[in-house]
Amino acid sequence: MPYGADGLRHQRRSGPSRERIEAAVVAGGRHATGPHEAWIAADPFKGGFRVLVTGPHGFERTVTFVIDDDPAVIAERVRETLED
């Protein structure tokens with residue numbers, strides 16, 4: 001699977017859709033305390049995508065979305081995940 005210049009893994013996703021998802025994930029992580037990374041990958045078995053969020057002290061969470069989730073929902077769920 002190809003990796004974009006930004007280091008994110010992209011699979012069968014159109015430009016605008018990929019950009020919308022990435023922007024929502026970034027917005028959700030904007031207020032994170034400390035360094036975190038988010039990895040976006042297609043979830044072909046569920047027809048959507050998943051976001052793996054990693055951070056300090058072994059922090060690792062996966063959030064699953066359907067492909068047409070609203071960007072506000074994506075951002076909110078990523079933010080909630082970081083607050084765990």
Side-chain angles (χ1 to χ4, degrees):
M1 283 179 223
Y3 285 82
D6 54 9
L8 296 175
R9 185 173 163 173
H10 307 291
Q11 176 185 10
R12 295 184 192 160
R13 198 173 316 295
S14 65
S17 178
R18 183 186 76 227
E19 291 169 2
R20 175 184 61 85
I21 292 166
E22 289 176 8
V25 171
V26 168
R30 193 159 276 135
H31 301 290
T33 58
H36 287 81
E37 291 183 325
W39 302 91
I40 303 167
D43 190 350
F45 300 108
K46 295 184 180 178
F49 63 98
R50 62 187 180 275
V51 177
L52 171 65
V53 181
T54 61
H57 309 291
F59 181 89
E60 184 174 309
R61 304 284 188 283
T62 301
V63 189
T64 304
F65 300 93
V66 295
I67 197 66
D68 59 353
D69 267 344
D70 185 82
V73 170
I74 297 169
E76 177 67 16
R77 290 190 51 212
V78 169
R79 185 187 62 74
E80 290 171 351
T81 298
L82 288 167
E83 291 176 354
D84 281 350

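The structure displayed is predicted, hence computed values, not measured ones.
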Nearest heavy-atom pair of A38 and V25: which atoms, and what distance?
CB-CG1, 3.6 Å
Locate the shortest heavy-atom distance separating P56 from P35; write the atom from each residue and the value.
CD-O, 3.0 Å
The complete set of ring-ring contact (aromatic ring centres under 6.0 Å, His included) pairs with one or both residues in residues 59-84, sequence neighbours excluded, reads H36-F59, F49-F65
Might you point out which heavy atoms bring S17 and I67 nearest each other, and give the distance in Å?
OG-CD1, 4.5 Å
In terms of hydrophobic clustering (I, L, V, M, F, W, Y; side-chain heavy atoms under 4.5 Å; direct or indirect links), are V26 and V73 co-clustered?
no
Measure across A24 and P71 and return the closest heavy-atom pair with its distance rounded to 0.1 Å.
CB-O, 3.5 Å
Side chains of I74 and R20: does their closest heavy-atom pair fall under 4.5 Å?
yes
With sequence neighbours excluded, give me every side-chain hydrogen bond (donor to acceptor under 3.5 Å, both in side chains) pair touching residues 52-67.
none
Distance (rounded to the nearest 0.5 Å) between T81 OG1 and E76 CD:
9.5 Å
Is it the case that one hydrophobic cluster holds both V78 and V66, taking links as side-chain heavy atoms less than 4.5 Å apart, direct or via other members?
no
If we only count heavy atoms from C-beta on, is the D69 to I21 side-chain gap below 4.5 Å?
no
Residues that E83 engages under salt bridge (charged side-chain N to carboxylate O under 4.0 Å, His left out), provided they are two or more places apart
R79
If you compare all heavy atoms of L82 against all heavy atoms of A32, which two are closest, and at what distance to 0.1 Å?
CD1-CB, 3.9 Å
